[in-house]
Amino acid sequence: MADTSVEDLKQQFHAALDAARTPAALKALRDDYLGRKHGRVTALVKSIATAPPEDRRTLGAAANTLKQQIEQALKAREAGVAADARPADALDVTLPGRRGWTGRRHPLTQVRERVEDIFMAMGYQVIEGPEVEDDWHNFEALNMPAAHPARDMQDTLYLSSPVPAPDDGRAATLLRTHTSGMQIRYMEQHEPPVRIIAPGRVYRRDNFDATHTPMFTQVEGLVVDEDITLGDLKGTLNAFAEEFFDARVATRFRPSFFPYTEPSAELDVECQGCSGRGCPLCKQTGWIEILGCGMVHPAVFEAVGYDPDRYTGFAFGVGIERLALRLYGVDDIRMFYENDLRFLEQVAL
Amino acid sequence: MKASTSWMREFADLPASADVNEVAARIADVGFEVAGIEGEVIDFEITANRPDCLSVRGLAREAAVAFGVSGVERPEAPGSGRPDVPGPDVPVTIESELCGRYALAFADVTVGPSPDWLADRLASAGVRPINNVVDVTNYVLLEMGQPMHAFDLARLAGPEIRVRLARAGESLTTLDRQARTLEGSMLVIADRDRAVAVAGVMGGAASEVSASTQRIALESAWFQPATVRATSKRLGLKTEASARFERGADPAAAVAALSRALGLLEEMGAGHRVGRVVDVYPSPQTPRAVTLLRPHLDRLLGDQVPDQDVTRILAGLGFVTDAAAGSDGWHVEVPTWRVDVSREADLIEEVGRHWGINRVPATFPALRAAPHRSDSGVLRGRRIRRVLCGAGLQEAVTFTFMESAAAAPFAADSDSLVTIANPLSEKFAVLRPSLLPGLLDALIYNRRRDITDVRLFEVGAVFSVRGEGHRVGWVLTGARHGHWSDPHTEVDLFDALGVGDLLAEAFGLAWRSEPTEDTAWFVPGRAAALRAGNGTRDDRVGTAGQILPGLLVGRGLPAGVTVVGGEINVDALRAAAKTERRVTPLPRHPAVLRDLSILIDAGLPAASVRGTIRANAPATLVDVREFDRYQGKGVPDGRVSLSLRLTFQDRDRTLTDAEIQQALEAIVGALSGTHGATLRGN
């Protein structure tokens, strides 16, 4: 009888403890069970005096254990509730969080890697090469012999004296005007099929203005195999334009001239600013020129020892700054080289 | 090249309904970009390979094919002339093979203003009318693309014409009133005594046609493109004539152009031909023959252009086609004005651009072989950028060339700088020997715009007379932490060293930093050499340190700003780096940590302490790390308190207190014996 009442009391206490989640509720619970006057455990202890003598010892021990257990449970819960209580010094959550420094890739790098990634996904290998070049790789092998008028298209910066080149006997005499020299090197060292892109800095003796700097960034591509057609060039560059501009963008090819391709063309994409209706960005034409391209000139194949009767190929060259101007809505190419953090920190992380 | 549509219509039967915009658009579609349209005048950009289209006739020919209409052939007649007036006897001698043809005609003229229609046409093409004789030569140049020159015959000594190389030191005052000293490589037109014109570039002032001129000698010639180009460049003199000759004039057009000019003079009542035309043409050029094979055409374009379109396009452009006997294709004779066409691919381009590249169906090339892996430098660059951007550094892109004064402090010696022969200006005179000067200029640029916390890096090429190398460089200034609640501390040498550490880890490189004295751009005593490998002389892969304040002030940074930086030769990383590393299984037994605080001489490098500890510890010591360094109250002068945390661990068992204690005692004993170190707090 007495055991049962002790056990009942214990169960009732734990049920009540589960519900007591505030300091006030815990105080009430403590009073209810351990209060000196009306506490239920206190009452139980008092009742021992009236119990039959043979039960007193057992009952006394059980009541005492219960009292200690309740005391312990209350203390643990009281400590927990106190720790979770609202601290006196509330923090101002409207202050900025601590985020550490962040760095971004330069916008020209972001655009260049995006172009690289698109072509890598199409099975292209990204190659690199020297920025100081020899005349053969920059001009001669590209069907631009000395005194060729096309050399005027790319006014060249020359070194005062030649600098040794790492990979072959020819000393570098100029700053490369395009990355095509890397393609020549690659073809000199590899047999077709070829599917490469060559990104890098290039140099021309252009004065600074909003659309020219004497140094800029190019990505050139080259595909050589049996039966590569102008249609393949179109399909490849259309796919690139769609992926780069992230839209079904209209393209058009205009015949043009480069000494190292025949036929040659410029690729225009529909102006994103006006959807082709005409705006100041596209000089009212509805089109933006993004790259030059063409079928590799047979003289280039002859220069690297490929059989022009067996192989055909296409090549293209895209100016990264030109793409970046469009992408970021910048109107002055010089901003890319000022490294003003107020500009650089606006591009994506 | 500016051309009016009405002028073009004289040579092409263009539809009356086509307005100037449509004409411009059609010609643009076949490869002649339109720079602008004003009234009925279209300004075309002519690519370097098409000198034949630096003429109204050439553009009209393209327009006719683009519209699918016929061209207008107009044989040029020299007018009836004055057979009753005896012509002059002027011997013409070509003394250099740089002149391929020289034709000369004579006319008696009344010099005066041109009629309005002719003056207007010249003006619309951007050419200033001068007098009727000069205007006629300019008119023929614009219409036919053949440059001409009129001499006042009375002012030619002899009179005779000699086409020869200039004599060394010979001088000539050209039409623009500039006295020019000629060189022995330059081709000139001379009379009996002296040079009277720079061949293909500009005539001389002394024999110029003037109001008093009565008889002219009209020159129409062909000069080798390379010589005109070289002379024009050397003299810094570009003219309408030199632009055409240096790209390649039509040798066959010389006499037809004379006829056209003489006919015009007579038609205008400005003069008439006298005597006969002198034509010295030692080896007349024969038209080139090129074979165009149908399979090659189809293969390059990826499209099948019907036979009748191939022949229509080529014939319209002046090519003579003949179905090749017994083979699938054509024998094609190239007109002499098409200096750009010499092989089959050139003909395919002609067909392709008039057929329309936009009509060719787009296809995608088959991948026949597995793609190769990209060059290691490309992947390395991406890894460096990922690591340093993650560490809070901003990538910069600075110019490869710079002024000599900015570069020199960073060069091994001033002779090692690579200089540019024809720089834009002194600001861009040398190639950078290091990435640091460009980065520092960018840092200072930002500081001067009140951006105080700057952390920049760049990956790129550097140059010396020994060749090109590749590096990553970084510079840091301002606060170490950016949060309002952090105590303000400025970056110091250890921030710069930490960037190097990160890169070392990224490339799986074990390295160490050592004091160095041979970096002239760092503050002495705050400069480190970063070494990889086993301590051989050439294992230095980079440097880090605090930039000399004087150097920064010299570049425009206010005094008192601390800037640190570093640079690593990534060509060395390329050799050492592994992109993937195997991991070690995690230990099953707990590690034991022990902290050690010792007093040592302030000048003793931490690396020595670390070395002594490792040399005297059992193999179970897996890590030694400094966590505090203190000088001040409680530490005697000249001494420093260094605290290190040692980590002991064994893969196979739990270490006992006794063996740890024993190891510590051995370490402390060695530190004491080797460095005079004493345990602190004991």
Side-chain angles (χ1 to χ4, degrees), chain A residues 95 98 100-106 108-109 123-128 130-132 147 149-150 153 157-160 163-164 166 193 195 201 205 207 214-215 223 225 227-232 234-236 238 252-257 262-263 265 295 297-298 312 336-341 344, chain B residues 30-31 47-49 226 229 246-247 299-303 343 345-346 348-349 352-353 357-358 360-365 367-369 371-372 374-375 377-378 385 388-389 392-400 418-422 424 428 442 445-446 451 455 461 463 465-468 482-483:
Chain A
L95 282 165
R98 189 181 284 113
W101 298 118
T102 45
R104 293 160 167 79
R105 286 172 302 147
H106 192 279
L108 293 176
T109 301
Y124 286 67
Q125 175 188 2
V126 186
I127 62 164
E128 56 168 13
E131 293 179 27
V132 288
M153 291 161 69
L157 288 160
Y158 290 93
L159 306 183
S160 300
V163 162
R195 198 179 276 224
R201 294 177 173 203
R205 202 170 179 283
N207 281 304
M215 174 184 108
V223 171
D225 204 345
D227 301 324
I228 296 290
T229 70
L230 183 68
D232 291 336
K234 289 185 62 180
T236 298
N238 283 341
R252 94 179 166 181
F253 290 81
R254 278 181 298 107
S256 186
F257 167 67
E262 191 88 22
M295 303 305 292
H297 197 290
T312 54
F336 292 120
Y337 295 102
E338 282 170 349
N339 295 299
D340 191 321
L341 289 169
L344 296 180
Chain B
V30 295
T47 51
N49 60 329
R229 181 179 137 91
E246 73 171 38
R247 288 172 173 78
R299 181 179 71 155
L300 202 63
L301 294 184
D303 199 4
R343 57 196 300 171
D346 303 326
I348 296 174
E349 171 168 72
R353 83 191 161 84
I357 299 175
N358 289 309
V360 172
T363 49
F364 198 82
L367 197 58
R368 285 199 307 133
H372 295 282
S374 291
D375 280 2
V378 176
R385 290 186 182 92
L388 294 190
C389 287
L393 278 77
Q394 167 67 46
E395 187 189 12
V397 173
T398 69
F399 285 114
T400 303
V418 178
T419 58
I420 297 176
N422 57 338
L424 272 174
F428 306 102
Y445 175 99
N446 282 288
I451 302 164
R455 299 159 305 278
F463 304 85
V465 291
R466 285 172 292 283
E468 181 174 341
H483 196 250

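Lettering of chains follows the sequences in order, A, B, ..., and the numbering in each one begins at 1.
- For the set V465(B), T400(B), L388(B), D303(B), the entry with the most heavy-atom pairs within less than 4.5 Å of chain A is T400(B).
- Here L230(A) contributes atom CG and E349(B) contributes atom CD; the two are 10.0 Å apart, rounded to the nearest 0.5 Å.
- Only the side chain of I451(B) comes within less than 4.5 Å of a heavy atom of chain A; its backbone N, CA, C and O stay farther away.
- We find the CZ-CE distance between R299(B) and M295(A) to be 9.0 Å, quoted to the nearest 0.5 Å.
- Heavy-atom distances place the side chain of R195(A), and not its backbone, under 4.5 Å from chain B.
- E395(B) CD to R105(A) CZ: the interatomic distance, rounded to the nearest 0.5 Å, is 8.5 Å.
- Put simply, OG1 on T398(B) and OH on Y337(A) are 10.0 Å apart, with the number rounded to the nearest 0.5 Å.
- With rounding to the nearest 0.5 Å, the separation of CG in L300(B) from CD1 in I228(A) is 11.0 Å.
- Of the listed residues (T419(B), V397(B), L424(B)), the one with the most heavy-atom contacts under 4.5 Å to chain A is V397(B).
- For the options P255(A), P263(A), G235(A), heavy-atom pairs under 4.5 Å to chain B are most numerous at P255(A).
- Both the backbone and the side chain of R353(B) come within contact range of chain A, judged by heavy atoms closer than 4.5 Å.
- Looking at P365(B), the atoms closer than 4.5 Å to chain A (heavy atoms on both sides) sit in the backbone and in the side chain alike.
- V30(B) touches chain A through its backbone: at least one of N, CA, C or O sits under 4.5 Å from a heavy atom, while the side chain does not.
- For the pair W101(A)/Q394(B), no side-chain contact is recorded, criterion being any heavy-atom separation below 4.5 Å from C-beta on.
- With a threshold of 4.5 angstrom between heavy atoms, D340(A) approaches chain B through its backbone and through its side chain.
- Interface remark: of the candidates V163(A), D227(A), V126(A), V126(A) forms the most heavy-atom pairs closer than 4.5 Å to chain B.
- Interface remark: V418(B) contributes side-chain atoms only to the contact with chain A (heavy atom separation under 4.5 Å).
- Side-chain atoms of R343(B) and I348(B), non-hydrogen and from C-beta on, never get closer than 4.5 Å to each other.
- Interface remark: F364(B) contributes backbone and side-chain atoms alike to the contact with chain A (heavy atom separation under 4.5 Å).
- With values rounded to the nearest 0.5 angstrom, L157(A) atom CG is found 12.0 Å from M215(A) atom CE.
- Across G100(A), S256(A), P298(A), P193(A), the residue that shares the most heavy-atom pairs under 4.5 angstrom with chain B is P298(A).
- Comparing D232(A), L95(A), T229(A), L344(A) by how many heavy-atom pairs each has under 4.5 Å with chain B, the most go to D232(A).
- Under the 4.5 Å side-chain criterion, counting only non-hydrogen atoms from C-beta, Y124(A) is in contact with T236(A).
- At a 4.5 Å heavy-atom cutoff, the contact between N238(A) and chain B is made by side-chain atoms alone.
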Q: Carefully, step by step, assess R455(B) and T102(A) under the rule side chain to side chain contact (heavy atoms under 4.5 Å, CB included).
A: CA-CA 10 Å; R455(B) 299 159 305 278; T102(A) 45; over 6 Å; no

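- Residue contact with chain A, scored on non-hydrogen atoms closer than 4.5 Å, involves the side chain of N446(B) exclusively.
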